[in-house]
Amino acid sequence: MAVSYDRAPAPRSAVQRGTGSGSLAELLNIILDKGIVIDAWARVSVVGIEILTIEARVVVASVETYLRYAEAIGLTALASPPPAQPALNGRQNGRQNGNDSDGQIPSADDVYSYLADHQEGLRLGEISAYFDAPRREMSRVVGALVDDGRARQDEEQRRYFVADEDD
Amino acid sequence: MGTYVYCVGAAESFGTGRPALQSTGVGGAGTTVRTVENGDLVAVVSDAQTDVYDITRDNLMAHQRVVEESLRHADVLPVAFGTVARDDRDVREKLLGRERDDLHDHLAYIQGRVELGLKVLWNRERLFSEIVAERDDIRSLRDRIASLPPDSAYFERIQLGELTDAAIGEKRDREGEVILEALRPLAVDLELHRPLTDMMILNTSFLVNRDQIELFDALVQHLGEIHADRLVFQYIGPLPVYSFVNISVSWEE
């Protein structure tokens, strides 16, 4: 078998191949405490940085670990479609984001928080589409927010923004 | 000044008028590697400038290169990194002499065999989506937490983490066993080391006959391809048989 100091090209095969001196990090755990072990007279001083790095990564079950896993599991929601949720069809699930329970028109607070999530600004059409509400009604809700000073409209771009905090 | 010890082998396999080893020893340029003999056993050594060597990349590489070069001449028993004897005489008497029987037994066992190291790791994102897909309890707890305001549900999140931790453990045992099952028939012996990270499924050393190495390579390659999109295989070797030597020696008395 050919001894190669190069790792196999990664994307094609999942097997990374190396020799001992070619991939020392992979070898650390055996080179230091396996083989013939001779005590007394002298042994290594453990000031090695690399070994400490590896040891630090050893799994310790702790609250922190659990929270880290919970977060990783939570993130899968974004990556994969939620399995149990039926497709949006007609009236049953017409309002994906479940703002208020029944009326077609979202409350001013719902619109405000949607705007707050989009600092780049939103057009009226985008807001209407998101809430699945008639444009005219949305115009009224957004207009009320502007009147209250909680939102403002950029006249040129015709986009709505949340009002700056200190205004 | 002491004697740094790299490995032990049978004198005859190093040949008479032993080939000089080319590698530089631990301790930097000018550190010549030589041998110390006692009867039919040989130790590969160099002069030590200090009793204690730091675990640095250079030192570890030097140690490993000498052992690997020795391995090309003979089947050797590697000595753990950083082993320094008082002098050549200690190596001759306390190691090669006093431990003769044990050394011979080990040499017989590893003759014609090498160590191959295999670590198998999950692709992180894949692992978590597989767990979500496989485990109804985890999926529904995740969905419930997602519906709650962020920063609440602290205990639910810990519970989710605990369930996930247990799920990872079960999955590790299950998947590790499947891979081992495939490789075991080609190995003379195997040694399971502790996983070094939570994404690691297996951290294993195999003792393999030299004439089986190619088959073993092909099988690892095959397994790697089967799991190409979800697992990473880190495969190294042939290595000195570090994991299959179990000799503890004392320089004392």
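Note that the structure is predicted; figures quoted are calculated from it, not measured. Below, chains carry the letters A, B, ... as their sequence lines are ordered, and counting in each starts from 1.
When heavy atoms are compared at a cutoff of 4.5 Å, B:V8 approaches chain A solely by way of its side chain, counted from C-beta outward. For B:I168, the part lying near chain A is the side chain, with the backbone staying farther off; criterion is any non-hydrogen pair under 4.5 Å. Contacts between B:L103 and chain A at a heavy-atom distance below 4.5 Å involve the side chain alone, from C-beta outward. In this structure, no portion of B:E99 lies under 4.5 Å from any heavy atom of chain A. Using a 4.5 Å cut-off between heavy atoms, B:H63 contacts chain A through its side chain alone, with no backbone atom that close. Neither the backbone nor the side chain of B:R230 comes within less than 4.5 Å of any heavy atom of chain A.
Surrounding CD of B:E134 are more than 12 heavy atoms belonging to other residues, nucleotides or ligands, all under 6.0 Å away. The 12-atom threshold is exceeded at NE2 of B:H104, counting heavy atoms of other residues, nucleotides or ligands nearer than 6.0 Å. Residue-environment remark: CZ (B:R89) stays at or below the threshold of 12 foreign heavy atoms within 6.0 Å. Heavy atoms of other residues, nucleotides or ligands lying less than 6.0 angstrom from CG of A:D148 number more than 12.
Residues A:R68 and B:D165 are not paired through a salt bridge, judged by the lack of any N-O separation under 4.0 Å between the basic side chain and the carboxylate.
Nearest heavy atom pair, residue B:G161 against residue A:Y69, reads O-CD1, 3.8 Å. Contact between B:R142 and A:I73 at its shortest, heavy atoms only, is CD-O, 3.3 Å. Taking each heavy atom of B:I158 and A:Y66 in turn, the nearest pair found is O-CB, 3.8 Å.
Chain A forms more heavy-atom pairs under 4.5 Å with one residue of B:E162, B:R210, B:R157 than with any other, namely B:E162.
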